[in-house]
Amino acid sequence: MNEDAHENCENHPVFAVFLPDDVASSPKTFYNTAKEAAKWANSPELKAKGARFRRFDSPVAAQHFIGSPLAVFRDNSPQLTGSDPAVPFKATTKIEMNRLKRFVELDQLSEFSQMVMGNPRYLVNTSGDCPAIAQEGFRYNVLHVAARSGAGLVTAKTLELCADPAFLSRLYGTDEADVLMRRDNIILGYLCTPDKGNVGTPLIMALKFGQTKVVRAIIDFMRLSVCEHLRPRLELNLSHLLDDAILCARYNGKESKEDVKNEIKKLFNTFYVPLYRSIDASAPAKILLPTDCPRLLITPHAGDCLPSASGSDLFSMAVNYKLAACAGPFLGEETAQAFQKDWARSGFKEKRSDMEKGFERVGRQLARKYGVEWREAWVFLETMCDVTTEEGLQLVDHYLRKMRLQPDESFGDSTQTEPRKQLFFAEEDDMEGAGDMPSENEDFCDAAEMFEEPDSEEPSPDDSLMGLTKRMDETAIEDEAMEFEDLALVSPVPDAGDEKMDDQESKSGIASLSDDEYDTPPPSPPPTYLFEEPTKLDNDLFLALNETPEERLGKFPQVSLFMRQMGRVEERARQCWPGVDSPRCPRTRSLQRLTKERRYTPKGTLDL
């Protein structure tokens, strides 16, 4: 019995932990379960050496495997195939990354460089051409750790190495053409990847903690030529980074928070390219040189001057100018100057054909090309915005909803007397109200009173030159308005085929419906315009929103309805709509109010 028990004990399966690089020096301890073996293999000491465990049928077989001098571990993991290069450096362990992390936190550049140059995989994960994870959990890369601790030297060195083709060629073991395609992904990964906890990029973390050295290193790198084609993605929402909700929000240093804020703001050195228009539309639009803070209004009374067309000298103004559009921010004055030159030289045909929105249309396209934010003034909005963004679409949708729900009287003067009611009843009202007498509160008048000859005692028309000019202008406006209404509301001419069909129906005995039996269809919703009548501004807004994705437009029902109705109108007809300042434009109450405000006040605000 004892011999059988001893034999069963020797023949039961066991698990042995061994070192693949040196099997003979592996521990001689065996385990009965895989859980115990895995726990020992994952210990810091053995995991750093790449320990593994294996199942054996008996302790004797495990002892023979470890004790044999010819024992060799065969790696059955899949080999790299295709275009994936065979990286000549081994993968880093967690203990090694912890050592690197300590050097980063202390900003020890020499020790950090020695480790990274010895094994470039400390910085780059070659499996996905992305930054290596320096701290698990929050998934920090090296720049995340540096941003929290203020390691400016390590930040600059990391970005320098990731942009160096020689460093990447040594890592991948390939030529320069291969690593240039991988370099963009690595740079974008370091600068744009948020951490898992606070969802913040290294730049945002550095701004929150007030780490001026790290911010300077990242901003200086983003100005290099290697980031030129990546800049549209790197400068995303850059103007919001300097907001108080982000800048120095978690700063706890010894220096004054305001001093740190001012120092960081100077590092950005952002520029904007503004467009100005004269308030009374008596002078052409002007694209000014880049500035750090565009002014809403430029007046000749304050001694302001505008640059000439060449930009080399200044000339005095004779009219007031207001800010009409603005592009930026730009990182660096050179990029802003290049944008200003492109804006001044591009789209000559559009600027000449559209004096009101031609400059804005060209600038809007260039802003998308340069990857910078865009804001422009719209006469019906209270603030400057980009109508293609969700914030701008929300403002437009709110205004269109207000136009559809509010009556016209809300836009007029409340002190103005209402027109008297006239005795024009429909047939149904005549039948229902026959014999009823008007109440004392209702003020009726006979229709003949509307056509009474003017009293002889009234003053005669003004025959002076000013009076004749005024009467001729009013007559021209009325004639053009009537002509415009005739073009917009023209009814189709009956076709001869329709008359023939009516004759056939009458001969076949089909009785036509009488007026009493005819059911009036429900009225269609009124067309959506920015004002009561269509104007050129409707076409301008339609062109600005025309390239906006439908998924974004679908979130705003009034804007979607506006785009659908504008899309049904032919482009040729939309181009004939009068401008808001044109004499052909109907003088609606809302339009009169808005155009008056636009002429005498600088419309819109600018939040940079």
Side-chain angles (χ1 to χ4, degrees), residues 215-216 219-220 222-223 228 231-232 234-244 247 261-279 283-347 351 357-378 383-386 601-608:
V215 175
R216 181 184 290 108
I219 293 299
D220 291 343
M222 292 171 65
R223 290 194 176 105
E228 183 174 357
R231 202 163 288 136
L234 297 178
E235 295 185 4
L236 185 63
N237 294 330
L238 184 60
S239 61
H240 302 288
L241 298 179
L242 301 181
D243 188 77
D244 292 337
L247 186 57
K261 284 185 177 181
N262 295 332
E263 186 177 359
I264 291 177
K265 289 180 179 180
K266 293 179 181 179
L267 295 177
F268 280 87
N269 197 23
T270 54
F271 291 87
Y272 299 84
V273 180
L275 171 71
Y276 285 87
R277 289 186 177 275
S278 60
I279 292 180
K286 296 188 179 298
I287 304 173
L288 300 193
L289 297 177
T291 178
D292 57 345
C293 185
R295 296 167 54 183
L296 291 177
L297 185 65
I298 301 179
T299 61
H301 304 288
D304 296 329
C305 295
L306 290 177
S308 62
S310 61
S312 58
D313 55 352
L314 302 175
F315 68 92
S316 299
M317 302 183 306
V319 296
N320 296 327
Y321 280 86
K322 65 175 182 178
L323 184 63
C326 181
F330 295 89
L331 277 181
E333 190 174 4
E334 296 181 358
T335 308
Q337 290 177 350
F339 181 91
Q340 189 259 351
K341 292 179 180 179
D342 288 347
W343 196 0
R345 298 171 182 174
S346 305
K351 297 174 185 176
K357 280 291 184 180
F359 279 83
E360 287 85 344
R361 194 181 307 171
V362 176
R364 203 181 303 131
Q365 297 171 358
L366 287 176
R368 287 196 295 265
K369 176 182 176 182
Y370 276 75
V372 296
E373 297 182 22
W374 170 262
R375 301 178 186 88
E376 64 180 295
W378 294 89
T383 181
M384 296 182 63
C385 66
D386 183 1
T601 58
K603 189 68 175 178
T605 58
L606 180 63
D607 299 326
L608 299 179

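All values below come from the heavy atoms of this structure, side chains included, with hydrogens, waters and symmetry mates left out.
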N/O donor-acceptor pair under 3.5 Å between [X] side chain and [Y] backbone:
{"X": "Tyr321", "Y": "Ala283", "answer": "no"}
{"X": "Lys351", "Y": "Ser346", "answer": "yes"}
{"X": "Trp374", "Y": "Glu360", "answer": "no"}

Which distance, rounded to the nearest 0.5 Å, do you find between the [atom1] of [X] and the [atom2] of [Y]?
{"X": "Gln365", "Y": "Asp342", "atom1": "CD", "atom2": "CG", "answer": "12.5 Å"}
{"X": "Arg364", "Y": "Asp386", "atom1": "CZ", "atom2": "CG", "answer": "8.0 Å"}
{"X": "Thr335", "Y": "Tyr370", "atom1": "OG1", "atom2": "OH", "answer": "8.0 Å"}
{"X": "Glu376", "Y": "Cys326", "atom1": "CD", "atom2": "SG", "answer": "11.5 Å"}
{"X": "Tyr276", "Y": "Arg295", "atom1": "OH", "atom2": "CZ", "answer": "7.0 Å"}
{"X": "Arg345", "Y": "Leu366", "atom1": "CZ", "atom2": "CG", "answer": "12.5 Å"}

Given Leu296, Leu275, Leu297, the one that forms side-chain contact (heavy atoms from CB on, under 4.5 Å) with Leu323: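 Going through Leu296, Leu275, Leu297 one by one, the side-chain contact (heavy atoms from CB on, under 4.5 Å) with Leu323 is satisfied by Leu296 alone.
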Residue from Lys341, Gln340, Gln337 passing side-chain contact (heavy atoms from CB on, under 4.5 Å) with Val273: Gln340
Non-hydrogen atoms of [X] and [Y] that approach each other most closely:
{"X": "Pro294", "Y": "Tyr272", "answer": "CG-CB, 3.7 Å"}
{"X": "Trp378", "Y": "Cys385", "answer": "NE1-O, 4.4 Å"}
{"X": "Lys357", "Y": "Ala377", "answer": "NZ-O, 3.0 Å"}
{"X": "Leu267", "Y": "Arg216", "answer": "CD2-NE, 3.7 Å"}

4.5 Å side-chain heavy-atom contact, Phe271 and Pro329: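 In short, these two side chains do not touch, never coming nearer than 4.5 Å.
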Any side-chain heavy-atom pair of Lys369 and Phe339 under 4.5 Å: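 Of all side-chain heavy-atom pairs linking Phe339 with Lys369, none is under 4.5 Å.
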